[in-house]
Amino acid sequence: MNSVYEKVELCYKQIRQKVDFEPRVAIVLGSGLGALAEVIKVVDTIDYSDISGFPVSTVDGHKGRFVFGYIEETPVVIMQGRVHFYEGYSTQDVVLPIRVMKKLGADILFLTNSAGGLNTMYRPGDFMMITDHISSFMPSPLIGENVAEWGTRFPSMDSVYDARLCEFIRQAARECNVPLREGIYIQMKGPQYETSAEVKMCQALGGDAVGMSTAIEAVAARHMGMKVCGLSCISNMACGISKTPLNHMDVTEVGEKMAPLFRLLVYKAISKMTEDIAQDTPPVMTTMMPNMNLGQQPTGPSSVIIDDL
């Protein structure tokens, strides 16, 4: 039997013994962005440390627990803190929580993070919806024996971030009057921040934001057939763009400062997904040029993301 499969099953069964709750949407909250979990209609919580075999976050700003509850009428499970490759976990362990939340019943994954801005049009405090990502600098979480029950050996990553879900985020941003960027997220290994040369490389590859999470979680979710969307809070400009040396405290502080707007945007977007789940009708699609603020004339397609470093 596959050891990764066994670990997922073990964690799933322990949670099921404690909580009889079936979420439809799974949300991962990044650095400084955990406040959303405090305002939903909470049904139950489980600390990661109470689940044998479950990876536990060691990073400040990551509370380390599952929160089960409702946003409007939608049953959700929230990861209040995630684990990272740089903490010493394998990529299979990093994405284990995603696989467990799928087993619990979630069909939609909403990723959020705090990220460094690569696009020189961005400013700290901006929100960027992820339209695509680059995960090539990370070991794939799909390396090793494939579990056919989870997905195919060679899954397509043609459209990782679901166009329908991205449109709901756009609509929510307009209604909340929250300016929204759209762009490509690059995941690096960390824990060190990028050098100026690495930032230039990421820019040359087409990246708009860079961080140390999210992309491989999206890969695992798509492997299992989940629909994925994501939002990044731009907490700082990347090295060489910013004149100030980077530190994790500043990243967390920006996330906490933007938390009320972030909470409003995610809550509204999830509410729209609730309506879609109930009605199963497609939204009216609009287009927007990448990196344009709300209120500007839309002229082309784009995308969005949310997650932590």
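Quick note: numbers below take in every heavy atom, side chains included, and nothing from hydrogens, waters or symmetry partners.
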Check ion pair Lys272-Glu175 (N to O, under 4.0 angstrom) | yes

Step by step, work out the side-chain contact (heavy atoms from CB on, under 4.5 Å) result for Ile15 and Phe68.
-> CA-CA 11 Å; Ile15 295 172; Phe68 299 88; 4.0 Å; yes

Just wondering, do Ile78 and Phe66 contact through their side chains at under 4.5 Å, heavy atoms?
-> no

Side chain proximity check, Tyr122 to Arg181, heavy atoms < 4.5 angstrom = yes

Taking side-chain contact (heavy atoms from CB on, under 4.5 Å) as the test, write out the residues that go with Ala221, two or more places apart.
-> Ile98, Leu109, Met226, Val228

Looking at residues at least two apart in the chain, or sitting in another chain, which of them share a side-chain hydrogen bond (donor to acceptor under 3.5 Å, both in side chains) with Gln17?
-> none

If you take all heavy atoms of Pro124 and Asn236, which pair is closest and at what distance?
-> CG-CA, 4.1 Å

salt_bridge(Asp93, Lys7) N-O dist < 4.0 Å = yes

Can a donor-acceptor pair be found between the side chains of Glu149 and Tyr5 at a distance below 3.5 Å?
-> yes

Examine Leu104 and Leu10 and state if one hydrophobic cluster contains both, with Ile, Leu, Val, Met, Phe, Trp and Tyr joined whenever side-chain heavy atoms are less than 4.5 Å apart.
-> no

Identify whether the distance between the nearest side-chain nitrogen and carboxylate oxygen of Arg170 and Glu167 falls below 4.0 Å.
-> yes

Those residues that, when tested against Met224, pass side-chain contact (heavy atoms from CB on, under 4.5 Å) (two or more places apart) = Arg99, Lys102, Trp150

Close side-chain approach of Ser135 to Met157, heavy-atom, < 4.5 Å | no

Taking the side chain as C-beta and beyond, is there a heavy-atom pair between Val76 and Ile71 under 4.5 Å?
-> yes

For Glu22, what residues pass the side-chain hydrogen bond (donor to acceptor under 3.5 Å, both in side chains) criterion, not counting sequence neighbours?
-> none

With Phe54 as reference, evaluate Tyr12, Tyr48, Tyr89 under the ring pair (Phe, Tyr, Trp, His ring centres under 6.0 Å) test and give the passing residue.
-> Tyr48

Same apolar cluster (I L V M F W Y, side chains within < 4.5 Å links), Leu261/Ile40 | yes

Non-neighbouring partners of Thr45 that pass side-chain contact (heavy atoms from CB on, under 4.5 Å), sequence neighbours left out | Val42, Arg65, Val67

What is the minimum heavy-atom distance between Ala215 and Tyr185, and which atoms define it?
-> N-CE2, 4.3 Å

So, do Leu205 and Ile134 sit near enough that their side-chain heavy atoms are less than 4.5 Å apart?
-> yes

List the steps and the verdict of ring pair (Phe, Tyr, Trp, His ring centres under 6.0 Å) for Phe21 and Tyr70.
-> CA-CA 11 Å; Phe21 185 90; Tyr70 291 88; 5.4 Å; yes

All side-chain contact (heavy atoms from CB on, under 4.5 Å) counterparts of Ser196, not counting sequence neighbours = Cys239

